[in-house]
Amino acid sequence: MTDGQTASSDGRRPTNLSTDEMVDAYGDALFRYAFARVRDQHAAEDLVQETFVAVIESQPSFRGDSSELTWLIGILRHKLLDHLRKRGREQPATETDDAVVSGFFDDRGRWRTRPGTWRIETETLLEREEFWQVLERCITALPDRQAQAFCLKMLDGANSQEVCKTLGVKATNLCVLLHRARTRLRDCLEKRWFGQTSSGEAGR
Amino acid sequence: MNSCEKTTRLISEGMDHHLPWFKRMAVRMHLLMCRYCAAYYRQLTGIRALLAKARQAGRQIPAEAGPDLSDAARRRIKEALRRRP
């Protein structure tokens, strides 16, 4: 038995995870969540470690069920936002041109790669795990700053002011980042999901 | 009339904060004339609604895409947790 199981010695939770098992059960999910938002391997690893330390100090017994991941992510999220705010203050960002997004348009600003006619069928897509895998890959493929802005704003539901403060960017820069992220993501989803069948059947 | 590129910027901006009436009008006029930007608009608002639903449903993103915790980091973290009093 390892140290992490000392809390189960009272016998209330015979299925408690040891600290090693806890790292194995949740480490990857926490790391991916952090990495998608900080885009820095070492920082993401440190955040995962800090999260586990905080958890052990507050509630040493763990069973390995799904609500625990949600709870862990809540803790990770606080640490992650602190980290981003600190970094935003230390390294103010500058945005350069995004050749991919400007490449979607010609020199007069008309579409070069015209959007298809697909629609999002919310209820159906919510249940399609393959779709979410594609969406995650499209988000992963975004440039770092765009991905950070997109995750905080569109996945986590933070408001623009919070995101600006967290990332240390001005409101106008955030608009630029989000426009680029959304435009790239739209294009990626079209290529990898909605454009796979002629009628957009994949999305239905 | 605004270009498609400018219109997509305004569409995206309009999702983040309220646009003044003349910009909203310019977008609306453009969308009446341009089915590509109209598709872009529908798709972006569709994606936003979908992600909001997923968040309400408690979906963690990313769940699968992206790297695993490296073996070295995993060992280091386990070691650090064992050393705790």
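All figures in this text were calculated on a predicted structure; none of them were measured in a lab. We name chains A, B, ... by the order of the sequence lines, and we start the count at 1 in each one. These values consider heavy atoms only, across backbone and side chains, with no hydrogens, waters or symmetry-generated copies.
Relative orientation of the A/Trp111 and A/Phe105 rings is tilted, given thresholds of 30° and 60° on the angle between their planes.
Listed for the A/Gln148 side chain is a donor-acceptor partner under 3.5 Å among the backbone atoms of A/Arg37. A donor-acceptor pair under 3.5 Å is absent between the side-chain atoms of B/Arg24 and the main chain of B/His18, judged by distance alone. Here the side chain of A/Arg182 pairs a donor or acceptor atom with the backbone of B/Ser12 at under 3.5 angstrom. Using a distance-only test at 3.5 Å, with no hydrogens or angles considered, a donor-acceptor pair links the side chain of A/Glu21 to the main chain of A/Ser18.
In terms of non-hydrogen atom pairs under 4.5 Å with chain B, the most contact-rich of A/Ser102, A/Ala34, A/Pro115 is A/Pro115. The residue among A/Gln49, A/Lys153, A/Arg32, A/Gln133 with the most heavy atom pairs within less than 4.5 Å of chain B is A/Arg32. Counting heavy-atom pairs closer than 4.5 Å to chain A, the top-ranked of the candidates B/Ala52, B/Ala54, B/Ala49 is B/Ala54. Of the listed residues A/Thr122, A/Leu155, A/Asn159, the one with more heavy-atom pairs under 4.5 angstrom with chain B than any other is A/Leu155.
Looking at B/Ile61, both its backbone and its side chain come within 4.5 Å of chain A, counting heavy atoms on both sides. Only the side chain of A/Thr140 comes within less than 4.5 Å of a heavy atom of chain B; its backbone N, CA, C and O stay farther away. In this structure, chain B has heavy atoms under 4.5 Å from both the backbone and the side chain of A/Leu178. Looking at A/Ile73, the atoms closer than 4.5 Å to chain B (heavy atoms on both sides) all sit in the side chain, from C-beta outward. Proximity to chain B (any heavy atom under 4.5 Å) is shown, for A/Leu174, by neither the backbone nor the side chain. Heavy atoms closer than 4.5 Å to chain B are found in the side chain of A/Phe35, but not in its backbone. When heavy atoms are compared at a cutoff of 4.5 Å, A/Arg108 approaches chain B solely by way of its backbone atoms N, CA, C and O. Heavy atoms of A/Asp24 lying under 4.5 Å from chain B belong to its backbone as well as its side chain. Of the atoms belonging to B/Arg42, it is side-chain heavy atoms, and not backbone ones, that fall under 4.5 Å from chain A. Residue contact with chain B, scored on non-hydrogen atoms closer than 4.5 Å, involves the side chain of A/Leu185 exclusively. Both the backbone and the side chain of A/Thr183 come within less than 4.5 Å of a heavy atom of chain B. Using a 4.5 Å cut-off between heavy atoms, B/Lys6 does not touch chain A at all.
Near-neighbour residues of residues 26-39 of chain B relative to chain A, defined by a heavy atom under 4.5 Å from a heavy atom of that chain, comprise B/Tyr36, B/Cys37, B/Ala39.
A salt bridge links B/Glu79 with B/Arg82: the distance from a Lys NZ or Arg NE/NH1/NH2 to an Asp or Glu carboxylate oxygen falls below 4.0 Å. A/Lys86 and A/Asp82 are not joined by a salt bridge, as no carboxylate oxygen comes within less than 4.0 angstrom of a charged side-chain nitrogen.
More than 12 heavy atoms of other residues, nucleotides or ligands sit less than 6.0 Å from atom NE2 of B/His17. Within 6.0 Å of CZ in A/Arg114 there are 12 or fewer heavy atoms belonging to other residues, nucleotides or ligands.
Side-chain polar atoms of A/Arg186 and B/Gln43 form a donor-acceptor pair below 3.5 angstrom.
The list of salt bridge (Lys or Arg N to Asp or Glu O under 4.0 Å) pairs with a residue in residues 129-144 of chain A, not counting sequence neighbours, reads A/Arg39-A/Asp144, A/Arg128-A/Glu130, A/Glu129-B/Arg59.
Considering all non-hydrogen atoms of both residues, A/Asp40 and A/His42 come closest at OD1-N, 3.1 Å.
Partners of A/Cys151 according to the disulfide bond (SG atoms under 2.5 Å apart) rule, which considers only residues two or more places apart in sequence or in another chain, do not exist here. Residues satisfying the salt bridge (charged side-chain N to carboxylate O under 4.0 Å, His left out) test with B/Glu5, not counting sequence neighbours, are none.
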